[in-house]
Amino acid sequence: MAGISRPRGTDDLLPEPLARMARVLDAGLEVASGFGYRQVETPIFEATELFVRGVGDSTDVVTREMYTFADRGGRSLTLRPEGTAPVVRAFWESDLRQAPLPVRLSYAGAMFRYDRPGKGRYRQFHQFGVEAIGDSEPELDAEVIAVAWRWLQGLGVEGISLQLNSIGDQECRPAYRQALLDYFEPLASQLPALDRERLRRNPLRVLDSKELAASGLLEGAPRTVDHLCSSCREAFERVRLALTAYGIPFQMNHRLVRGLDYYVRTAFEVWHEQLQGAQNSLFGGGRYDGLSELLGYPPAPGVGFAAGLERVAMLAPTVPAGPPPALAVLSAPPADPGAAIAAADRVRRRGIQVLCDAGGRSLRAKLSWAERAGVRGVLILGESELERRTVTARLLADRTQVELPLRALEEAVPAWLEGAKAVGEGTR
RNA sequence: GUGGCUAUAGCUCAGUUGGUUAGAGUGCCAGGUUGUGGCCCUGGAGGUCGAGGGUUCAAGUCCCUCUAGCCACCCCA
């Protein structure tokens, strides 16, 4: 088709899907609010440094997957690829840091990643998430999970499972990493080149390697939970106890990891049975006690999750679409179209959604159009009505019509619609 | 970033081994007598066959490049 099409990996949110997503998001914000999480909104772009520091030497992410540009002042800026670093930044740059800890925050908005697009994977997509900052109590990890879980439950999403793991912290992870390397050392010759490279660059990532999972070489690999230090072990136990108290079932997943060093202890994802392979994760989260310092701030523990709104909306059971406008006001040519316009405007002031067609098409065409638009009734203003200072009010369902006084439209129309609704319900 | 599949009206798709002015359904607009809708009938608008090159007397159909979508991999903060 001629014309300019949208950039690769973007999507137009049309009325139906947008209404769906908005409903899904509202539900999330409400659940979060019930747990004391208050919404914040950070800029859509940030200093590039904010994201580079967080991901460190993950070169792919930095060099390949960020929307980075220089503004006219020569500053390097980046469209936000995720929400956690900005929220932590906002925490330190505001008086939130003086609030009693933890500070509970939620956020939602567009994120940008220069990925290869695919189904359910866009370069501009939308996330909803919560962060609890300034408290390292394990019960908080469970709380964050509970917010996510209650949200999905409330939406009626079926077939979900909570995948849970603990990946240790600065104290015990080095030893675990070594154990992992020791295990794979003698197997090096059997490893695909890709996994040898992973082992060198980001050892934990071999645990979720697809090739290795298929080969069975992972079966005997050491598990993070067996190498936790005592404090991590105790914390994980408390997370599980708290989840039990919430009544939230979970599945231990020893291959669930995070690729970045600032993540510690609890890591979780929620999977859906209908989502396949690379996109089976509805959302993920974890504890990021090391992030604040990486960003150049004083230490501050934190835990949170982020969910892809597109995917959640896709899985939420059908949300009833917003009702169509109740009324259409039609002029019947050659009557003065201004009368229809004015009448429509008056009825709208009563809070009724009104479509108006004051154009030159035939009344037949307008009625046919109103029918397809799904309105319950129409008001017709033609020459004879104007002469009598009335409007013809017609119900589409039973083809009955009455005349209402033009002068008292504001009262007559709502009353007429109410009466029609009562009759309609009575016959059901 | 790598490999594979795909690309024809707004939408869903047909288009035989390359062969005249490219079709259907649906949607859209109009008409079926003078101001009254869902069905039906008739008509109309709408496509440089994703874009650009090439082969050929002839390309929607074959070849190349690009773009976009989908799938797998990479990555997934």
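Protein chains get the first letters and strands the later ones, always in sequence-line order, with residue 1 at the start of each.
- Side-chain proximity of A:Ile380 to B:rC74, B:rU36, B:rC75: nearest is B:rU36.
- Across all strands shown, B:rU26 forms a Watson-Crick or G-U wobble pair, both distances under 3.5 Å, with B:rG10.
- B:rC74 atom P lies 10 Å from atom CG of A:Leu212, rounded to whole Å.
- Heavy atoms of other residues, nucleotides or ligands lying less than 6.0 angstrom from CD of A:Glu41 number 12 at most.
- Using cut-offs of 30° and 60° on the angle between ring planes, the pair A:Phe283 and A:Trp151 is parallel.
- For B:rA58 and B:rG54, the C1' atoms lie 15 Å apart once the distance is rounded to whole Å.
- To the nearest whole angstrom, the two P atoms, one in B:rU61 and one in B:rU20, are 14 Å apart.
- Here the CZ atom belonging to A:Arg265 is positioned 9.0 Å from the CG atom belonging to A:Leu228, to the nearest 0.5 angstrom.
- For the OP1/OP2 pair of B:rC39 and a distance below 4.0 Å, the side-chain nitrogens and oxygens of A:Arg372 include no atom meeting the criterion.
- Of the residues listed (A:Glu383, A:Arg361, A:Lys366), the one engaging A:Pro333 in a side-chain contact (heavy atoms from CB on, under 4.5 Å) is A:Lys366, and it is the only one.
- Closest approach to the A:Arg121 side chain among B:rC71, B:rC76, B:rU36 is made by B:rC76 (side chain taken as heavy atoms from C-beta onward).
- Here A:Glu211 lies out of heavy-atom contact (under 4.0 Å) with every strand.
- Checking the phosphate oxygens (OP1, OP2) of B:rG31, a side-chain nitrogen or oxygen of A:Ser362 falls inside 4.0 Å.
- Residue-to-nucleotide contacts include a donor-acceptor pair under 3.5 Å from the side chain of A:Arg394 to the base of B:rU36.
- Atom CG in A:Leu204 sits roughly 13 Å away from atom P in B:rC75 (whole-Å rounding).
- Side-chain atoms of A:Arg364 come within donor-acceptor range of the base of B:rG32, with a qualifying N/O pair under 3.5 Å.
- Across B:rC74, B:rA30, B:rA77, the shortest atom-to-atom separation from the side chain of A:Lys210 is found for B:rC74.
- Nucleotides B:rG19 and B:rC62 have their C1' atoms positioned 14 Å apart, rounded to a whole Å.
- Regarding A:Phe268, its CZ atom lies at a distance of 15 Å from the C1' atom of B:rA77, rounded to whole Å.
- Each of A:Tyr263 and A:Ala397 has a nearest nucleotide on RNA chain B; the 5'-most of these lies closest to A:Ala397.
- The distance between atom CD of A:Glu131 and atom P of B:rA77, rounded to the nearest whole Å, is 13 Å.
- Pair check for B:rG47 finds none; no Watson-Crick or G-U wobble contact set falls under 3.5 Å.
- Nucleic acid contact for A:Gly9: sugar-phosphate only, since backbone atoms but no base atoms lie under 4.0 Å from a heavy atom of the residue.
- One atom, CG of A:Asn202, and another, P of B:rC75, lie 9 Å apart when rounded to the nearest Å.
- For the OP1/OP2 pair of B:rA72 and a distance below 4.0 Å, the side-chain nitrogens and oxygens of A:Arg116 include no atom meeting the criterion.
- Comparing B:rA77, B:rU36, B:rC28 by their nearest atom to the side chain of A:Leu367 picks out B:rU36.
- Spacing between atom CZ of A:Phe283 and atom P of B:rC76 amounts to 20 Å, rounded to whole angstrom units.
- With a 4.5 Å cut-off on side-chain heavy atoms, A:Pro299 and A:Glu293 count as touching.
- As a whole-Å value, the separation of A:Asp115 CG from B:rC75 P is 12 Å.
- B:rA77 atom C1' lies 15 Å from atom CG of A:Leu79, rounded to whole Å.
- For the pair A:Arg64 and A:Tyr114, the cation-pi criterion (under 6.0 Å, within 45° of the ring axis) is not fulfilled.
- Remark: the separation of the C1' atoms in B:rG60 and B:rU16 is 13 Å, to the nearest Å.
- Base contact: A:Glu385 has a heavy atom under 4.0 Å from a base atom.
- For the P atoms, the distance linking B:rU12 with B:rG69 amounts to 15 Å, nearest Å.
- Along RNA chain B, the nucleotide nearest to A:Arg205 and the one nearest to A:Pro7 differ in position, and the one closer to the 5' end is contacted by A:Pro7.
- Nucleotide B:rC73 is matched to B:rG1 when pairs are restricted to Watson-Crick or G-U wobble geometry with both distances under 3.5 angstrom.
- When heavy atoms are screened at a 4.0 angstrom cut-off, A:Leu396 is found touching base atoms of the nucleic acid.
- Residue A:Arg361 places at least one side-chain N or O under 4.0 Å from the OP1 or OP2 atom of B:rA30.
- If you check B:rC70, B:rC29, B:rC75 against the side chain of A:Pro117, the one that comes closest is B:rC70.
- Here, B:rC13 and B:rU33 have their P atoms 39 Å apart, quoted to the whole Å.
- Residue A:Arg8 has no polar side-chain atom (N or O) positioned under 4.0 Å from OP1 or OP2 of B:rG50.
- Residue-level contact check: A:Ala335 touches neither bases nor backbone, having no heavy atom under 4.0 Å from any strand.
- A donor-acceptor contact shorter than 3.5 Å links the side chain of A:Arg258 to the backbone of A:Gly285.
- Within the structure, a side-chain polar atom (N or O) of A:Arg198 is placed less than 4.0 Å from OP1 or OP2 of B:rC75.
- Here, B:rC74 and B:rG3 have their P atoms 15 Å apart, quoted to the whole Å.
- Comparing B:rG23 with B:rA9, their C1' atoms sit 10 Å apart, to the nearest whole Å.
- Among the candidates A:Gln124, A:Arg121, A:Arg80, A:Glu82, the single residue satisfying the side-chain contact (heavy atoms from CB on, under 4.5 Å) test with A:Arg113 is A:Glu82.
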